[in-house]
Asker: 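Sharing a structure with you now.
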Amino acid sequence: MNNDYFSHLTPEERHIIKDKGTETPFTGEYNDFFKAGIFICRACKSPLYESNTKFDSGCGWPSFDDEINGAINRHEDFNGGRVRTEICCAKCDGHLGHVFHGEQITKKDTRHCVNSLSIQFKPYENLEQATFGSGCFWQVEKIFKEIKGVYLSSVGYMGGETKNPNYQDVCKGDTNHAEVVDLYFNPEVISYYQILNIFWENHNPTTLNRQGVDEGTQYRSVVFYYSNEQKEIVERTILEQSKNWINPIATQLISASTFYRAEEYHQNYLNKNNLGSCGI
Ligand SMILES: [Zn+2]
């Protein structure tokens with residue numbers, strides 16, 4: 001190991017990265033952390049993981065189902081009485097964690113189990129956030145995941161009173177949370193106006209608290225805005241859309257609040273389960 005990469009580390013970081021230690025599960029700063037950006041090596045600063053490969057495995061450590069090409073080295077690890085595959089930064093050989101296969105949590109069926117102390121997050125400052133609800137979030141996410149310029153999409157809950165709601169809470173319909181899709185997109189590739197047009201084209205904004213057979217406030221048509229600029233663009237598209245419908249637009253326009261990411265099995269649900277649409 002080249003010590004230059006490690007001299008700036010704290011004793012705790014050094015214990016994990018150099019001495020191949022393991023941090024206590026559910027304590028790392030990136031375990032429950034889902035923002036758009038890149039994770040770099042805390043020691044040598046090489047890019048290791050894109051945040052759109054991060055998922056919640058429930059194991060208590062940051063989990064990724066893919067690596068940046070060439071960023072990771074693998075070594076067989078015989079410690080602890082079993083054979084595991086240790087993963088290290090390809091540039092500085094700093095210890096990251098272990099990689100596992102065959103758990104079938106995501107489509108790639110791979111889990112890089114990484115210590116938070118081994119990595120560092122750098123946000124993508126050029127991306128814009130958009131959050132909206134238009135019925136069953138499985139279907140809405142599937143549509144947006146395939147749109148060019150959308151870097152990260154997650155499904156979750158927003159707009160209600162309950163903190164940390166789960167799917168069962170929201171399904172009962174009394175939390176006032178909407179099922180939403182949260183996007184980070186590159187406005188140089190696709191504009192917020194274009195994103196909104198896809199939103200409008202893919203649901204009926206005139207049915208209050210209902211999309212097709214799905215009924216309840218959680219299925220309401222709603223846009224959560226992050227800036228006055230976004231709010232004005234939404235207002236403009238509402239005027240444009242009202243010409244396309246006989247009944248008035250029932251879509252709510254609300255300032256964005258805390259996004260609660262839904263349970264992992266809801267993320268990328270239709271693709272994971274090879275389903276074309278909801279209700280099959
Ligand atoms: Zn490194």
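Both ligands and their constituent atoms are indexed starting at 1 by order of listing.
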Asker: Check the orientation of F33 and F39. Use parallel for under 30°, tilted for 30 to 60°, and perpendicular for over 60°.
Answerer: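 Correct class here is perpendicular.
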Asker: Between E141 (side chain only) and W138 (backbone N and O only), is there a donor and an acceptor less than 3.5 Å apart?
Answerer: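 Pair absent, no side-chain N/O of E141 close to backbone of W138.
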Asker: How are the rings of W200 and H203 set to each other: parallel, tilted or perpendicular (split at 30° and 60°)?
Answerer: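 It falls in the parallel class, under 30°.
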Asker: Which pairs, with at least one residue in residues 217-238 and sequence neighbours excluded, count as a ring-ring contact (aromatic ring centres under 6.0 Å, His included)?
Answerer: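 Every pair satisfying ring-ring contact (aromatic ring centres under 6.0 Å, His included) with a residue in residues 217-238: there are none.
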Asker: Give me the protein N, O or S atoms that fall under 2.8 Å of the Zn ion (ligand 1), sorted by chain and residue number.
Answerer: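 Hits for the Zn ion (ligand 1) below 2.8 Å: C41 SG, C44 SG, C89 SG, C92 SG.
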Asker: Suppose clustering is done on Ile, Leu, Val, Met, Phe, Trp and Tyr with side-chain heavy atoms closer than 4.5 Å. Which residues sit in the same group as I38?
Answerer: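 In the cluster with I38 are I40, I68, Y124, L127, Y151, L152, Y184.
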Asker: For T110, what residues pass the side chain to side chain contact (heavy atoms under 4.5 Å, CB included) criterion, not counting sequence neighbours?
Answerer: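 T110 satisfies side chain to side chain contact (heavy atoms under 4.5 Å, CB included) with V99, H101, H112 only.
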